[in-house]
There are 2 protein chains.
Amino acid sequence: MELDERKVKILQAIINNYLETGEPVGSRTISKYTDMGISSATIRNEMADLEELGLIVQPHTSSGRVPSDKGYRIYVDRLMKESKMDDPVFKEDLLTKVDKIDTLLQNIIKKLANNTNYATVVSTPQYQQTKLKHIKLIKLSEVKLVAVIVIEGDIVKNHIINITEEIDEERVEKINNLLNLNLTGLSLVDINLALIQSLKEQVGIYPDLLNSVLDAICETIQSSDEIQLYTSGATNILKYPDFSDIDKAVDILYTLEEKNILQELLLTTDTQYSKDIKIRIGNENSVEAMQECSVLTATYKLGDGLVGTIGIIGPKRMNYEKAVVNLKQAMFQMNEIFNNQLQITIKDNK
Amino acid sequence: MELDERKVKILQAIINNYLETGEPVGSRTISKYTDMGISSATIRNEMADLEELGLIVQPHTSSGRVPSDKGYRIYVDRLMKESKMDDPVFKEDLLTKVDKIDTLLQNIIKKLANNTNYATVVSTPQYQQTKLKHIKLIKLSEVKLVAVIVIEGDIVKNHIINITEEIDEERVEKINNLLNLNLTGLSLVDINLALIQSLKEQVGIYPDLLNSVLDAICETIQSSDEIQLYTSGATNILKYPDFSDIDKAVDILYTLEEKNILQELLLTTDTQYSKDIKIRIGNENSVEAMQECSVLTATYKLGDGLVGTIGIIGPKRMNYEKAVVNLKQAMFQMNEIFNNQLQITIKDNK
DNA sequence: TGTTAGCACTCATTGACGTTGAGTGCTAAC
DNA sequence: GTTAGCACTCAACGTCAATGAGTGCTAACA
């Protein structure tokens, strides 16, 4: 049996109606509220076919039909209207005070959650491809240093280093020069143990001290591609009758709280930058607790290879059009901000 | 009417029973399961008195009694057993890797939430009284500097400064010396606009540049006493039948998500360091959504005047003994870690 | 005077039962 | 291929009686 045009029309009518009311939709409703000019009996026949195709299901005999995951998939891929992004959803003022990138990300997803009434999530960007801009050791006391590491996008990391032997300002300065000479401009993946080893051998001075310093830098670099996840609007989940079963709601909220599970959920697909929005519906999600949800993700870009993810999580019976438009809006504006930011940085580097 | 010893005993029995079962407790239960040797009828009389005193309430006529907020208060103040802190609740390994204080705090409340099955919250310490240990400007490019600010407890903050005129390394070094000479050792409240003004006048060199730098430092300092709040185990709230009314649960979870409301809830009492645990029960809480909850808070200390708050949030029908013991444990161990940390720091400074 | 047994009363909870109504699948006629 | 008609299903709802845990009150007792 094939999915002819009339069946598609009926499927669309079912999904539209279900998205609106949340009630299983019956044949009579469709025949009445669409202008297809066919009777409910005919629609019943077609619905039986659609069910056989796996696109709709009956919660129980003698109830109306509800879209299946597969049905939603067809809706999302082929039937959904792409609304235009006319009105800027985000107020500028939220986005201009970029003193700290994490705060900015949190503000954005909070706004996104408020606008959509779904839960939202964002990951900090991954730094692996980013170039190191500057390293500086600062002497705090005789046996304590701070390593300040600046990477592309002007993100600053620091790490306390406890050293075993005393060191004077002059030596610190020498090491600073050495490090900057050898390491700046490299991407973080290039600064691997091998390179550091050769650096250790290459210069014979203060081997022990250099050891601790380099180890600490290594550690900092490794720890800096730990992704942070922030969520917002988690309580929105409880607003939807789809999750009136508390246990389901708890599973979902728990997943939102446990960042490692959440990360698994977000990053199952490739983390390549893409202009498209990815939608995973129900059992398309890898995490079991989320198989009653739909997850929309987009990527944002903060310089070369510096990619993060932003997403919306809601019930499968979600207003996909609204969610998509809001997410695109967010992605678009984030890229705009970060690109402006980057342009300044690049200009500065000349 | 006064609260004689027998009434207290009955109150205790009611509360113990209610904490255990969650069901309103009747006179017959009390007479059976205590060794007071009085009949249910007598207990009924006493219960009527306790009700008149406002210590217990009936959810409806012909049901058993439930403790009122006032009843819990007496329980907490006078009747509750102080269990000893025998077993160390926190694994050492969680607490040793202190590379970043925020991560440490998050680990602690996560553990605390797991141990107690309640929601937990922690505030980052307030820095107002802390002494500045070190300031260093690092030149990133011709028009961009990073200000690295180290305060007591080896907490490092940084701030990007965009400057209008170019500057060479030598000048940066001079400003560094100037800043350290004049500002280190002062507490953050001492570094006010007045002092900075006088500093600006005192030294005539590069006034414009110094302006931007000092402004940025000022801003950093001001922003560094913004309190961050972290929560954990929020979903635990949904486990308790006390919040089976979804709307109540939503209110509570929402409060946990909205950090500014949460802060109001935590910090209504003085933020002075204290060895005691504060307990606020039901309507003793300032935030309306939380008047079905009990909130336990403790303070931890990270150096002179560097005080933060850690707390447990659960239903009024909470296992107070367990919560108190866990919170004390957490407070104790945090203070231990931070004190060790501090001792090293202080030793280093000599 | 405090304690207790007894009794009538209250009220949330539970389960059985019938009604309703929205919906279906199937069949036969168009 | 479409449709009208019909028997059937089943969740949802309201009613009703039974149950039982609990109370307050009264009168008798020590």
Side-chain angles (χ1 to χ4, degrees), chain A residues 1-11 13-15 17-18 20-68 71 241-242 244-245, chain B residues 1-11 13-15 17-18 20-68 71 241-242 244-245:
Chain A
M1 185 196 332
E2 69 172 324
L3 187 64
D4 58 35
E5 200 182 335
R6 193 170 72 175
K7 285 190 177 58
V8 170
K9 249 186 173 165
I10 292 174
L11 177 63
I14 292 172
I15 294 182
N17 197 286
Y18 183 66
E20 201 174 313
T21 66
E23 298 294 317
V25 356
S27 55
R28 198 150 169 280
T29 314
I30 301 295
S31 112
K32 250 172 136 179
Y33 294 102
T34 53
D35 48 358
M36 300 178 65
I38 36 181
S39 76
S40 64
T42 310
I43 294 194
R44 271 205 291 287
N45 289 331
E46 295 287 56
M47 280 167 104
D49 291 352
L50 285 171
E51 184 157 8
E52 206 176 314
L53 287 167
L55 303 180
I56 54 179
V57 288
Q58 272 182 303
H60 52 88
T61 359
S62 89
S63 85
R65 304 307 213 286
V66 157
S68 68
D242 311 59
S244 60
D245 175 2
Chain B
M1 186 196 330
E2 70 173 321
L3 188 63
D4 59 34
E5 200 182 335
R6 192 169 73 177
K7 286 190 176 58
V8 170
K9 252 187 171 161
I10 292 174
L11 177 63
I14 293 171
I15 294 181
N17 197 286
Y18 183 66
E20 203 174 311
T21 66
E23 298 293 319
V25 356
S27 55
R28 199 151 167 277
T29 314
I30 301 296
S31 110
K32 250 173 140 177
Y33 294 101
T34 54
D35 50 355
M36 301 179 63
I38 36 180
S39 76
S40 64
T42 311
I43 294 194
R44 272 204 289 287
N45 289 331
E46 294 287 54
M47 281 165 103
D49 290 353
L50 284 171
E51 185 157 7
E52 205 176 314
L53 287 166
L55 303 181
I56 54 180
V57 287
Q58 271 181 302
H60 52 91
T61 358
S62 88
S63 85
R65 302 309 212 288
V66 156
S68 68
D242 311 59
S244 59
D245 176 1

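These figures come from a predicted structure and were not determined experimentally. To find a chain, count down the sequence lines: A is the first, B the second, and so on, and within it residues start at 1.
- Here A:R28 does not reach the OP1 or OP2 of D:dT3: none of its side-chain N or O atoms lies under 4.0 Å away.
- For D:dT3, its base never sits under 3.5 Å from the side chain of A:S39 at any donor and acceptor pair.
- Following rounding to the nearest Å, B:I10 (CD1) and D:dT23 (P) show an atom-to-atom distance of 12 Å.
- One can place CD of B:E23 at 14 Å from P of C:dA12, the figure rounded to the nearest angstrom.
- Across all strands shown, D:dA18 is found opposite C:dT13 as a Watson-Crick or G-U wobble partner, with both distances under 3.5 Å.
- No more than 12 heavy atoms of other residues, nucleotides or ligands shown are found within 6.0 angstrom of NZ on B:K9.
- Of the listed residues (A:I56, A:L11, A:T42), just one forms a side-chain contact (heavy atoms from CB on, under 4.5 Å) with A:M47, and that residue is A:I56.
- The side chain of B:I38 has C:dT4 as its nearest neighbour among C:dT4, C:dT24, D:dG22.
- Closest contact between the side chain of B:S27 and the listed nucleotides C:dT4, D:dT23, C:dT24 involves D:dT23.
- Remark: the A:R28 side chain and the A:S40 side chain contain no N/O donor-acceptor pair separated by less than 3.5 Å.
- Base-pair partner of D:dA27: C:dT4 (Watson-Crick or G-U wobble, both distances under 3.5 Å).
- Heavy-atom distances to DNA chain C give each of B:T61 and B:T42 a nearest nucleotide, and the one nearer the 5′ end belongs to B:T42.
- Between the P atom of C:dA22 and the CG atom of A:N17 lies a distance of 15 Å, rounded to the nearest Å.
- Rounded to a whole Å, the CD1 atom of B:I30 is 16 Å from the P atom of C:dT3.
- Side-chain contact between B:D4 and B:K7 is present, with at least one heavy-atom pair separated by less than 4.5 Å.
- Distance CG (A:N45) to C1' (D:dG5): 14 Å, rounded to an integer number of Å.
- For C:dC30, the paired base is D:dG1 (Watson-Crick or G-U wobble, both distances below 3.5 Å).
- Counting only distance, with no hydrogens or angles, the side chain of A:Q58 and the backbone of A:S63 share a donor-acceptor pair below 3.5 Å.
- The CE atom of B:M47 sits 10 Å away from the C1' atom of D:dT23 (whole-angstrom rounding).
- Across the protein-nucleic acid pair, B:R6 atom CZ and C:dT4 atom P stand 8 Å apart, rounded to whole Å.
- As rounded to whole Å, 10 Å separates atom P of D:dC10 from atom CD of A:Q58.
- Between the side chain of A:R44 and the base of D:dG1 there is no donor-acceptor pair of N/O atoms closer than 3.5 Å.
- Looking at B:S62, its side chain has no donor and acceptor atom pair within 3.5 Å of the base of D:dT23.
- For B:R65, no side-chain nitrogen or oxygen approaches OP1 or OP2 of D:dG22 to under 4.0 Å.
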